[in-house]
Amino acid sequence: MTTPVHGPAPVPVAAARPARSRRALVAGSVGNFVEWYEFGVYGYFATIIAAHFFTPEGGSDAEGLVKTYASFALAFFFRPVGAAVFGRVGDRIGRRPTLILVICLMTGATALIGVLPTYATVGAAAPWLLTLLRILQGLSAGGEFGGAVSVMTEFAPPGRRGRYGAWQSFTVALGLLGGAGAAALLATVLSESQLTGWGWRVPFLLTLPLGLVALWLRLRLDETPAFASAVAERSVPVRPPPAGETARAIALGAGRVMGWSAAGYTFLVVLPSYLQSTLDATFQQALIATVLANLGFAASILPAGLVSDRVGRRTVMLAGALLVAVLALPLLNLVQDPGASTYAKGAALFGAGAAVGLMAGPGPAMLAEMFPTTVRCTGLGLAYSLSNAVFSGCAGLIITEAVKRTGDVDIPAYYAAATCAVSVLALLTLRGDDHRRALR
């Protein structure tokens, strides 16, 4: 049995017109693209950022990389704060103003990273300024997921919540691929000195025009029918969801997406730095590997969401979690094997990404179905953000530090497999017919 929050009984809401549904899908998706493009760029340029901001003269490269990932993790720990703050705005004032606020904050903070002075210029102030901007990004990202998924699923036509919610995850993949593509292009057309000197700033500055497009789309967005209906009924006394029950649903939701969070960041974001620092891969080789993993991720997301509308979220997400738990170590060993063919390694990376996509496709709709309209923004945002804070934000830090201390190059596989095993247990509590029930 699932453990949803029991709020007021479901009430009919006006169905969204197809044009409004498509507009909501685009407006919700584009912000996710900007957010994950930036987070991908930060991960892909982690070694360069470490040298510029966290490695003063005399410091080691490994120490600088650990500090870079610590800043990465800190931003994730501010996501739950953003989910709580902006989720409250979304549940009380509306989904639309929330999405407008978070895209402005994310775009501004990301563009400023592109012009930030380095340690060589301003000394110890540089890492602090970078960390401050990362915190602002974490706050905005925390509000982005709850608002975007609420908009997508509340505008979704009957029987299509999985498909609509999957676009959130699909634009995550597109954002990560966009970041990897930008990094790979710069690494190809610029010399190493140009890339490390100023070229790494270009992808961060590109978020400014992207963010302006996202803002324009969101300014044209209508409020969701579910939220409009909830506002109309506020004059009627209703029993609010008990706080304890909401907290339990948030904890359960975080457990259900734990494997998605951890395995996703392990294979899709942390991989380039791991390959460079542990397996002595070049920057270009690491990026190609990451692109292959992200292509597999992107390829499976929308089909997984579509299939989950027919057979249920539980079946599809369990398949993804079990595949990662069982195959993470063999796939990583194949990538590590110098005798393995390039094609075999590429297939392994593609397959790892595809397995994560099976969890990411149905995941947003699954979380939306756990909470009633009055707490949906906050509830699903906190469940996702808490899981990401602990298991995604810390992935690079945990893996880098553990490999450094133990010398065990299989740490990434152990981490992904263990978290997916826990998610399997949490996913077993899902009801098989949740995808057929109306949103409450």
Side-chain angles (χ1 to χ4, degrees), residues 32 35-36 39-40 43-44 76 145 162 165-177 179-180 253-272 274-275 289-308 313-332 334-335 345-367 384 387-388 390-396 398-399 411-424 426-427:
N32 289 308
E35 173 194 341
W36 291 93
F39 270 84
Y44 304 145
F76 272 87
F145 184 84
W167 277 91
Q168 191 281 334
S169 298
F170 184 63
T171 47
V172 169
L174 292 183
L176 292 173
L177 282 169
R256 288 173 176 173
V257 300
M258 177 195 303
W260 166 20
S261 300
Y265 262 78
T266 299
F267 293 129
L268 307 177
V269 177
V270 177
L271 187 65
Y274 165 79
L275 292 174
T290 307
V291 168
L292 287 170
N294 276 281
L295 284 172
F297 180 59
S300 66
I301 289 171
L302 293 180
L306 176 63
V307 172
S308 77
R313 322 294 180 215
R314 182 178 62 188
T315 301
V316 181
M317 295 185 72
L318 272 174
L322 285 168
L323 282 171
V324 175
V326 173
L327 297 178
L329 184 58
L331 289 177
L332 186 63
L334 180 59
V335 173
K345 291 181 180 182
L349 292 164
F350 187 91
V356 177
L358 293 179
M359 294 181 279
M366 181 275 296
L367 288 173
Y384 180 79
S387 178
N388 270 261
V390 178
F391 302 105
S392 292
C394 292
I398 291 171
I399 291 169
I411 292 293
Y414 298 148
Y415 182 69
T419 50
C420 281
V422 175
S423 274
V424 166
L427 287 166

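The structure presented is a predicted model; accordingly, all values stated were derived computationally and were not measured.
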query: How close do Val356 and Ala263 get, heavy atom to heavy atom, and via which atoms?
result: CG2-CB, 3.9 Å
query: Excluding sequence neighbours, so at least two apart, what forms side-chain hydrogen bond (donor to acceptor under 3.5 Å, both in side chains) with Ser300?
result: none
Heavy-atom closest contact (Thr419 atom, Met258 atom, distance): O-SD, 3.7 Å
- prompt: Can you name the ring pair (Phe, Tyr, Trp, His ring centres under 6.0 Å) partners of Tyr384, sequence neighbours left out?
  reply: Phe145, Trp260
query: Looking only at heavy atoms, what is the nearest atom pair of Ser423 and Gly259, with distance?
result: OG-N, 2.8 Å
- line: With sequence neighbours left out, the residues meeting side chain to side chain contact (heavy atoms under 4.5 Å, CB included) with Val307 are Val311, Val316
query: Do Tyr265 and Phe391 pass the side-chain contact (heavy atoms from CB on, under 4.5 Å) test, and can you show the C-alpha distance, the side-chain angles, and the key distance before you say yes or no?
result: CA-CA 8 Å; Tyr265 262 78; Phe391 302 105; over 6 Å; no
- prompt: Quick one: CZ on Phe297 to CG on Leu292, what's the gap to the nearest 0.5 Å?
  reply: 15.0 Å
task: Mark yes or no for whether Arg313, through its side chain, and Ser308, through its backbone, hold a donor-acceptor pair below 3.5 Å.
output: yes
query: For Ile411, which residues count as a side chain to side chain contact (heavy atoms under 4.5 Å, CB included) partner, sequence neighbours excluded?
result: Ile399, Ala402, Val403, Thr406, Asp408, Tyr414
query: So, for Gly361 and Ala304, which heavy atoms are closest and what is the spacing to 0.1 Å?
result: CA-CB, 4.3 Å
statement: Sorted by chain and number, sequence neighbours left out, side-chain hydrogen bond (donor to acceptor under 3.5 Å, both in side chains) with Thr266 holds for none
query: Who passes side-chain hydrogen bond (donor to acceptor under 3.5 Å, both in side chains) against Asn388, sequence neighbours left out?
result: Ser261, Ser392
- request: Nearest 0.5 Å please: distance from the CZ atom of Arg256 over to the CG atom of Leu367.
  value: 8.5 Å
query: Can you name the closest pair of heavy atoms from Ala348 and Leu334 and give their distance?
result: CB-CD2, 3.6 Å
field: side chain to side chain contact (heavy atoms under 4.5 Å, CB included) partners of Ala325, counting only residues at least two apart
entry: Cys420
message: Can you list everything that forms a side chain to side chain contact (heavy atoms under 4.5 Å, CB included) with Leu302? Sequence neighbours excluded, please.
response: Ala166, Trp167, Phe170
- request: Indicate the atoms forming the closest heavy-atom contact of Pro362 with Gly357, along with that distance.
  value: CD-O, 4.5 Å
message: I'd like to check Leu331 versus Val335 (side-chain heavy atoms, cut-off strictly below 4.5 Å). Are they in contact?
response: no
task: State the CG-CG distance between Leu349 and Leu332, to the nearest 0.5 angstrom.
output: 9.0 Å
task: Have a look at Leu358 and tell me which of Leu323, Ile301, Val324 forms a side-chain contact (heavy atoms from CB on, under 4.5 Å) with it.
output: Leu323
